[in-house]
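In what follows, a single structure is set out as structure tokens and then discussed.
Numbering of ligands and ligand atoms starts at 1, following listing order. Computed from a predicted model, the values in this text were never measured in an experiment.
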Amino acid sequence: MEPKEPKILVVYFSRSGNTESVASLIASKLNADSEKLIEQGTDWEGVWGYLKAGKAAWQETATSIEKLKKNPKDYDLVVIGTPIWAWNMTPAIRSFLTVYKDDLKKVAFFATEGGSGHEKAFKNMETLTGKAPVATAAVLEKEVKKGDTMREKVATLATEIKKALGISSSL
Ligand SMILES: Cc1cc2nc3c(=O)[nH]c(=O)nc-3n(C[C@H](O)[C@H](O)[C@H](O)COP(=O)(O)O)c2cc1C
């Protein structure tokens, strides 16, 4: 009998699509399932929404998120992706980690950002889950638009994740 292939889930939040692009690429590289977090009762659109979003992230607020369709408990590793807001994770990701942290076996983190903030965000995500990530990747907004560097960073992340799960890298 063939050994069972480890199962990977990509969970992410995205307001304007950058983190979604990286999440799709990671999911296809790793043959993983993927789920976008959906918030309830928030509106981050427009200038006012942007300001509220920055304030919520800065104040380390969590928001209400819909129950996931996939169960993170069923996965050997969950890759968690967030845009950087005010040098931190987004409120939706904070909620996800708070609610599901005990269901996460292994984790990897990725972020998209305009310029800086992923170090602090990753540290806070690690503290919240109580688990060190097996791999991390930070992709700049301009790298998402251009493509090449994003693909390189995602390839490196995928290789590190496969190594941590003992998956042959030819897969
Ligand atoms: C409210 C808000 C705050 C942000 N704060 C930061 C920040 O502190 N550092 C940074 O590099 N980029 C910051 N950005 C830029 C986003 O991280 C970047 O555009 C990201 O790729 C957006 O991801 P998305 O398209 O998946 O929503 C911020 C964007 C928003 C909307």
Side-chain angles (χ1 to χ4, degrees), residues 8-30 32-70 72 75 77-101 104 107-129 133 135-158 160-161:
I8 304 171
L9 175 66
V10 180
V11 172
Y12 65 97
F13 177 77
S14 184
R15 171 180 173 268
S16 51
N18 295 331
T19 315
E20 184 149 45
S21 299
V22 180
S24 308
L25 196 57
I26 293 172
S28 75
K29 277 256 166 215
L30 289 169
D33 290 336
S34 136
E35 185 153 351
K36 180 180 182 173
L37 295 179
I38 301 169
E39 289 181 312
Q40 294 163 320
T42 51
D43 179 9
W44 308 129
E45 293 311 309
V47 178
W48 183 237
Y50 184 100
L51 294 173
K52 279 193 298 183
K55 186 169 176 232
W58 179 254
Q59 294 182 332
E60 308 202 330
T61 315
T63 45
S64 175
I65 53 167
E66 284 184 13
K67 188 171 181 285
L68 269 71
K69 293 175 196 76
K70 310 263 191 311
Y75 293 84
L77 185 143
V78 181
V79 189
I80 301 153
T82 183
I84 298 302
W85 284 4
W87 301 277
N88 217 328
M89 75 188 91
T90 47
I93 289 294
R94 182 175 294 283
S95 305
F96 168 75
L97 295 178
T98 306
V99 175
Y100 291 94
K101 62 172 182 271
L104 307 172
V107 292
F109 302 149
F110 72 97
T112 70
E113 62 191 356
S116 65
H118 67 270
E119 295 94 344
K120 181 184 159 199
F122 290 163
K123 205 183 264 176
N124 287 346
M125 289 163 74
E126 179 173 340
T127 304
L128 206 50
T129 47
T136 61
V139 184
L140 291 172
E141 210 178 319
K142 63 176 184 212
E143 294 170 341
V144 179
K145 309 276 183 254
K146 215 161 153 266
D148 287 0
T149 312
M150 166 178 72
R151 279 190 285 278
E152 275 167 34
K153 287 184 174 178
V154 167
T156 305
L157 181 81
E160 286 169 8
I161 289 173

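Shown here are the ring-ring contact (aromatic ring centres under 6.0 Å, His included) partners of Trp87, two or more places apart in sequence or in another chain: there are none.
Each of Ser14, Arg15, Ser16, Gly17, Asn18, Thr19, Tyr50, Ala53, Gly54, Pro83, Ile84, Trp85, Ala86, Trp87, Thr112, Glu113, Gly114, Gly115, Ser116, Glu141 has a non-hydrogen atom positioned under 4.0 Å from some atom of ligand 1.
Using modelled atom types and a 3.5 Å distance limit, the side chains of Ser64 and Gln40 yield a donor-acceptor pair.
With a 4.5 Å cut-off on side-chain heavy atoms, Ile80 and Leu104 count as touching. For the pair Phe109 and Thr129, the minimum side-chain heavy-atom distance is below 4.5 Å. Proximity of Phe110 to Val154: side-chain heavy atoms (C-beta onward) are nowhere separated by under 4.5 Å.
Expressed to the nearest 0.5 Å, how far OH of Tyr100 lies from NZ of Lys67 amounts to 6.0 Å.
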